[in-house]
Amino acid sequence: MRDWVLHLDLDAFMAAVEILRNPELRGRPVIVGGNGDPTTPRTVVSTASYEAREYGVHSGMPMRTALRRCPDAVYLPTDLPAYEAASAAVMAVLRTFPVVVEVWGLDEAFLGARTDDPETLARDIQRAVTDKTGLTCSIGIGDNKHQAKLAAQFEKPSGVSRLTTDTWTDVMGERPTTALWGIGAKTAKKLADLGLHTVNQLAAADPAVLAARFGPTNGPWLRYLALGRGETTITTAPWVPRGHSHETTFTHDLTDPAAMRDHIAALAGRLATETEGRPVIRVTVKVRSVPFVTHTRQAKLPEPTLDAATIQQAALAIFDRFAQDRPVRLLGVSVEYA
DNA sequence: TCTGGGGTCCTAGGACCC
DNA sequence: TCTGGGGTCCTAGGACCC
C-alpha cells in the first residue's frame, strides 16, 4: 500500500449538465457561453461539448467565431446555479470513497488515496459518478498534484492515466514547456529565448539563469515543474477567498462618465453584500479602454470596513483618478480582505 | 480569435525610515 | 552636506488557471 494523488476532471462539464437536463441534445454539438446568443459581441465560449469540439470550437473562443465554425450547434446561456448543484452532487459521490477530497473548482477535484491499485479505484469512482449523476469524468494518477493533473488530460473523455516520477522523463521529456501546468505562452516564449524549448531542456537549465530572468521564486519553480515535482498535500479545508471581484464588459462602449460612475458604485455595492463578514482592506478599480488597454488603480483603506457606502466611495474616488478620455469597454471592482 | 469573468501569486519600483 | 544601504510598505502590472 502506498499514497497516490488522483485528479478528477469532469468531461465538458457545463455542456454535459445541459445535456442531462435536456436529453434531446445528446449527440449534438452543444456550446455554453455568455447569454446563449452567439451573435452577441464580446462574449466567449465557456464549454463546448465534444461534438462541438470537432468543429474547432473551444472554451475562451469568441461566441461569434464559434457560430461561424459551428452554425448548427445548440447555444445555451451559462447557468451557474445548475452547475454548482451538479458539482456538489459529484463531490458528495467522491466523499463516499475512502479518499481525501480537495475540491478544485466546479469541475475538478484532487483525491488522496492509499491503495495498491489506483487504476481500479479510479474506475470504481468513474462508475459511481456516472451512476449517481449521469456525468462522465477523466482521472489522472500521480505521485503529486502536478503529475495527476497532467495525466487526467491524456485520455479524455472517460480515461484513466498514470504519470509518475518513474515515467516522467519518458512521457514528458520531449514535450514543449507549455505542457507543464503553470507555463503558458508568454513564459514559454521567454524560455525559448533562452534556448529552452522542451521539458528536458528546462529541467537541465541553470537555476541561477532562471532566477535572474524570472525572479527568485518563479525561476527555480519553473525548473521544479520540469522535473515533475509538485504539491503532495491534499486538504479538505474549505478555501478561504483572499478577495472578490466583479467586472462587466459592455456590449457597446460606455462614453458617459456619469454612467461609468453609476456602474462602479453598483459593482462596489454588490461586493459589499458578499464579504461574508470579512472586513475589506483594499479596493481596486479596473478600466479597459478602447481598443483594448487595461489599467488598474487601487487604494488601501484607512481602516478595514464592512460598510457598503465606504467601499463605494473608495471605489469612486479611485475611479476618479483615471484619465477619462477614451470610451470604456470594461469596468471592474475588486476587494481584498484582511 | 477582435479578445469573459473570477480567482491566485509574483515582481518591480517608488516612498519612507533609520 | 552632495550622499550608503537595508528594510518595509504600497502600488501597478503581468502571468497563469478554470
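All figures in this text were calculated on a predicted structure; none of them were measured in a lab.
Remark: A:Arg42, A:Val44 in residues 39-50 of chain A come within less than 4.0 Å of DNA chain B through at least one heavy atom. Residues from residues 228-248 of chain A that place a heavy atom under 4.0 Å from any atom of DNA chain B, listed by number: A:Trp239, A:Pro241, A:Arg242, A:Gly243, A:His244, A:Ser245, A:His246, A:Glu247, A:Thr248. Residues from residues 207-225 of chain A with heavy atoms under 4.0 angstrom of DNA chain B, sorted by number: A:Phe214, A:Gly215, A:Pro216, A:Thr217, A:Asn218. Within residues 288-296 of chain A, the residues approaching DNA chain B are A:Arg288, A:Phe292, by heavy-atom distance under 4.0 Å. Shown for residues 316-335 of chain A: residues whose heavy atoms fall under 4.0 angstrom of DNA chain B, namely A:Arg329, A:Leu330.
Within a 6.0 Å sphere centred on CZ of A:Arg282, heavy atoms belonging to other residues, nucleotides or ligands number more than 12.
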Task: Dot-bracket summary - DNA chain B, pairs being Watson-Crick or G-U whose distances fall under 3.5 Å, with | when paired to another strand - done: ....||||||||||||||
TODO: Could you walk me through whether A:Asp124 and A:Arg127 pass the salt bridge (Lys or Arg N to Asp or Glu O under 4.0 Å) test, one step at a time?
DONE: CA-CA 5 Å; A:Asp124 289 346; A:Arg127 205 171 309 116; 3.2 Å; yes
Open item on the list: Walk me through whether A:Gln147 and A:Thr165 qualify under side-chain hydrogen bond (donor to acceptor under 3.5 Å, both in side chains).
Closed with: CA-CA 8 Å; A:Gln147 294 170 356; A:Thr165 303; 3.2 Å; yes
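The shortest side-chain heavy-atom distance between A:Val5 and A:Leu111 does not fall under the 4.5 Å cut-off.
In terms of the side chain to side chain donor-acceptor pair (under 3.5 Å) criterion, residue partners of A:Glu174 (sequence neighbours excluded) are, by chain and number, A:Asn200. Partners of A:Thr78 according to the side chain to side chain donor-acceptor pair (under 3.5 Å) rule, which considers only residues two or more places apart in sequence or in another chain, do not exist here.
Under the 4.5 Å side-chain heavy-atom criterion for grouping Ile, Leu, Val, Met, Phe, Trp and Tyr, A:Ile19 is not connected to A:Tyr75 through any hydrophobic cluster. Taking hydrophobic clusters as Ile, Leu, Val, Met, Phe, Trp and Tyr residues chained together by side-chain heavy-atom distances below 4.5 Å, A:Leu106 shares a cluster with A:Leu20.
Residue-level contact check: A:Lys190 touches the backbone only, with heavy atoms under 4.0 Å from sugar-phosphate atoms and none from bases. A:Lys149 comes within contact range of the sugar-phosphate backbone alone, with a heavy-atom separation under 4.0 Å but no base atom that close. Backbone-only engagement by A:Ile183 is indicated by non-hydrogen atom pairs under 4.0 Å involving sugar-phosphate atoms exclusively. Using a 4.0 Å heavy-atom criterion, one finds that A:Trp104 contacts no nucleic acid atom at all.
For A:Thr43 (side chain) and A:Thr40 (main-chain N/O), a donor-acceptor pair under 3.5 Å exists by modelled atom type.
B:dG4 sits 14 Å from C:dC17 when the C1' atoms are compared, rounded to a whole Å.
Geometrically, A:Arg288 engages A:Phe292 in a cation-pi contact, judged by NZ or CZ lying under 6.0 Å from the ring centre and within 45° of the ring axis.
One finds a salt bridge joining A:Arg261 and A:Asp320 here, because a Lys/Arg side-chain nitrogen approaches an Asp/Glu carboxylate oxygen to under 4.0 Å. Using a 4.0 Å cut-off between charged side-chain N and carboxylate O, A:Arg329 and A:Asp253 make no salt bridge. A salt bridge between A:Arg28 and A:Glu51 is absent, with no side-chain N of the basic residue lying under 4.0 Å from a carboxylate O of the acidic one. Using a 4.0 Å cut-off between charged nitrogen and carboxylate oxygen, A:Glu336 and A:Arg242 do not count as a salt-bridge pair. A salt bridge links A:Lys149 with A:Glu108: the distance from a Lys NZ or Arg NE/NH1/NH2 to an Asp or Glu carboxylate oxygen falls below 4.0 Å.
Counting only residues at least two apart or on different chains, the ring-ring contact (aromatic ring centres under 6.0 Å, His included) pairs with a member in residues 205-251 of chain A are A:His244-A:Tyr337, A:Phe250-A:His263. Each salt bridge (charged side-chain N to carboxylate O under 4.0 Å, His left out) pair with one or both residues in residues 129-146 of chain A, not counting sequence neighbours, appears once here: A:Arg2-A:Asp143, A:Glu102-A:Lys145.
Side-chain polar atoms of A:Gln153 and A:Ser138 form no donor-acceptor pair below 3.5 angstrom.
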In a table with atom names and distances, give each donor-acceptor pair under 3.5 Å that connects a side chain of residues 63-74 of chain A to protein atoms at least two apart or in another chain.
unit_1: A:Arg64; atom_1: NE; unit_2: A:Thr39; atom_2: O; d: 3.4
unit_1: A:Arg69; atom_1: NH1; unit_2: A:Gly56; atom_2: O; d: 2.9

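Taking the six-membered ring wherever Trp is involved, the centroid distance between the rings of A:His7 and A:Trp181 does not fall below 6.0 Å.
Contacts between chain A and DNA chain C, taken as any atom within less than 4.0 angstrom of a protein heavy atom, begin and end at C:dC10 to C:dC18.
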